[in-house]
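First up is the structure itself, then whatever we jot down about it.
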Amino acid sequence: MSRGATTSVDRRAADHLANRAEMLERLAEVQAVQAEVLEGGGERYVARHRQRGRMLVRERIDLLIDPDSAFLELSPLAGWGTDDPLGGGLVTGVGLVEGVTCVISANDPTVRGGTSSPTTVAKGLRAQEIAATNRLPLINLTESGGADLPRQAEIFVPGGATFKGLTRLSAAGIPTVTLVFGSSTAGGAYVPGLSDYTVLVADQAQVFLGGPPLVKMAIDEDADEEELGGAAMHARISGLADFLATDERDALRLGRLIVRRLGRRRPPGPPTPPEDPILDPEELLGIVGPDVRVPFDVREILTRVVDRSEFDEFKPLYGAQLVCGWATLCGYPVGILANNGILFSAESQKGAQFIQLCNRSDTPLLFVQNITGFMVGTRYEQGGIIKHGSQLINAVSNSTVPHLTLMVGASYGAGNYAMSGRAYDPRFVFSWPSHRIAVMGPKQLAGVMSIVARAAAQRAGREVDEEAESVRSQAIEAQIEAESTALYATGHLWDDGIIDPRHTRTVLGIALAAVHAAPVAGSRSFGVFRL
Ligand code: COA
């Protein structure tokens, strides 16, 4: 049953080369957007920030994490395709501090003074969720003007969850540390206020519920900024600061010291030594084509990601369009469910069984999505496709081992749900640039709308204006196409980031190390399976 390093991929074949060229083109598009994010708020604001002698947000993170360790940045392109600043003016991710895997959430003060747009709020809450579900310490690097005031209606109510989340982490025994580098006003003041540990940078950090203008408006007091909320005042008088750092480097040193003193047990690491795949991950670029209807063997992806390219397949002859099996990835055992075509009844039942087995053995699950949906049609409805699909969704929903989801191709319809899409709480979700996501394919959706419109016209005894219908149909198809891209999805935080296919193993390896910070315990109870 073990599938070793066998492959049908021919890296010189015309289709492989065409797929590779297309993937590299999409990757270049993603990288161009990434380059924009790295510019922060733009040249003018970056220059002003530097003139003030301050470090840029990614420089702060670099100095916080362990030397030569990787920082897995999450949702860097959040906000793409929205009115919000790209990246949300917040950098979040997972990194090692003193050997402890931590979640880091850091304002970029060059982006509108580090203020919060709806994307900032959603991205920050997602970082807290990752800290909570994986029991990872959360480190905030704070320098933020609080709410983006003209847009307050969009963020005021949902933004309240940020502070609730912080204190709930603390209540759950998950450490929270906040290093304040600059202004932290109004709502922002509760970030240090609700953290377990705080460090404020002298002559830089200013934390107040209301800044001098507001104090003037509210109580007609002419307040001095340093006396009102300066770092030295908070260290000596209010007690909000646990540590007064002499400068930014000192604050980052103190942040590391705090993590060292948390006394957190370092995770034991993977149970077996990681071993690279035998098959070349470079070939991952040429497997998935631009047309989601062209099938490919998903095993060609799995064997370029898992240790030694070894994949032990479960029930290979049954429900063959859902590939299930076991592997180790960077030394961690995983159960894998990967689409090799549409989901029929047999595939659904096989998947439900496999998920139960992995829960029994406390094995984390990796879902690899390339799914256009469940099979439709009279034969399949009569065969019980709804019941069987429900069994799979039941198993996915009630499974308690960590799920990682990788979207490599299509993610349409309930197939997204059954394969642990975002709404099913996978611990991490990553996409390839080839990813497409929607309730159904754009052509199908436009076709359905056209049939519905024609039926309505017929009922009303109206002639169908073929020209107008064709224009309308094309417009719908173009709209759905534009809303289905990997960039659109990542812009709306439907994933934790688009990754280069060649980095899949590294990214999933970091994610697996992160999920093992919390106990991995499978469920013994699922919903009632309708048989
Ligand atoms: N909402 C919307 N935009 C804001 C903002 C806010 N809360 N705070 C700052 N901005 C904008 C500024 O208008 C400016 O935009 P512009 O460059 O297009 O003119 C940009 O962000 C940078 O602000 P600036 O004041 O030039 O930067 P700074 O680094 O000198 O100061 C702050 C940053 C955050 C300290 C300062 O802007 C400030 O005190 N803002 C108000 C904070 C506040 O009272 N928040 C209440 C939240 S409930």
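Whatever order the structure lists ligands and atoms in, that order sets their numbers, starting from 1.
When the options Pro213, Gly187, Gly145 are ranked by their closest heavy atom to atom 34 (C) of ligand 1, first place goes to Gly145. Looking at Gln152, Arg112, Arg48 and measuring to atom 24 (P) of ligand 1, the nearest heavy atom belongs to Arg48.
For Arg422 and Asp496, the salt-bridge test passes: some basic side-chain N is under 4.0 Å from an acidic carboxylate O. One finds a salt bridge joining Arg20 and Glu282 here, because a Lys/Arg side-chain nitrogen approaches an Asp/Glu carboxylate oxygen to under 4.0 Å.
Distances below 4.0 Å separate heavy atoms of Gly113 from the following atoms of ligand 1: 21 (O), 22 (C), 34 (C). Listed by atom number, the atoms of ligand 1 under 4.0 Å from Ser183 heavy atoms are 35 (C). Near Arg52, with a cut-off below 4.0 Å to any heavy atom, the atoms of ligand 1 are 28 (P), 29 (O), 30 (O). Close approach of ligand 1 to Tyr45 (heavy-atom distance below 4.0 Å) involves ligand atoms 16 (P), 17 (O), 18 (O).
Under the 4.0 angstrom criterion, atom 40 (N) of ligand 1 counts as lacking any protein heavy-atom contact. Protein heavy atoms come within 4.0 Å of atom 8 (N) of ligand 1. Atom 18 (O) of ligand 1 lies below 4.0 Å from at least one non-hydrogen atom of the protein. Remark: atom 5 (C) of ligand 1 lies closer than 4.0 Å to at least one protein heavy atom. Not a single protein heavy atom sits closer than 4.0 Å to atom 31 (O) of ligand 1. The nearest protein heavy atom to atom 13 (O) of ligand 1 is not closer than 4.0 Å. Protein heavy atoms come within 4.0 Å of atom 2 (C) of ligand 1.
Of the possible donor and acceptor atoms, one in the side chain of Asp500 sits under 3.5 Å from a partner among the backbone N and O of Arg502.
At least one heavy atom of Pro150 sits less than 4.0 Å from an atom of ligand 1.
Heavy atoms from both the backbone and the side chain of Asp148 come within less than 4.0 Å of ligand 1. Residue Gln206 does not touch ligand 1, judged by heavy-atom distances below 4.0 Å.
Neither side chain, Asp148 nor Ser117, offers a donor N or O lying under 3.5 Å from an acceptor on the other. Ser183 and Gln206 share no side-chain donor-acceptor pair at under 3.5 Å. With no hydrogens or angles considered, a side-chain donor-acceptor pair links Ser420 and His403 at under 3.5 Å. Under 3.5 Å, the side chains of Ser523 and Asn398 contain no donor-acceptor pair of N or O atoms. Donor-acceptor pairing under 3.5 Å is recorded for the side chains of Thr110 and Asp108.
Nearest non-hydrogen protein atom to atom 44 (O) of ligand 1 is Thr185 CG2, 3.9 Å. Nearest non-hydrogen protein atom to atom 48 (S) of ligand 1 is Ala186 CB, 3.5 Å.
Minimum interatomic distance between Thr92 and Ser105 (heavy atoms only, all atoms of both residues): CG2-OG, 3.8 Å.
For the pair Arg60 and Phe181, the distance from NZ or CZ to the six-membered ring centre is under 6.0 Å and the angle to the ring normal is within 45 degrees.
Ring planes of His492 and Trp494: tilted class, angle from 30 to 60°.
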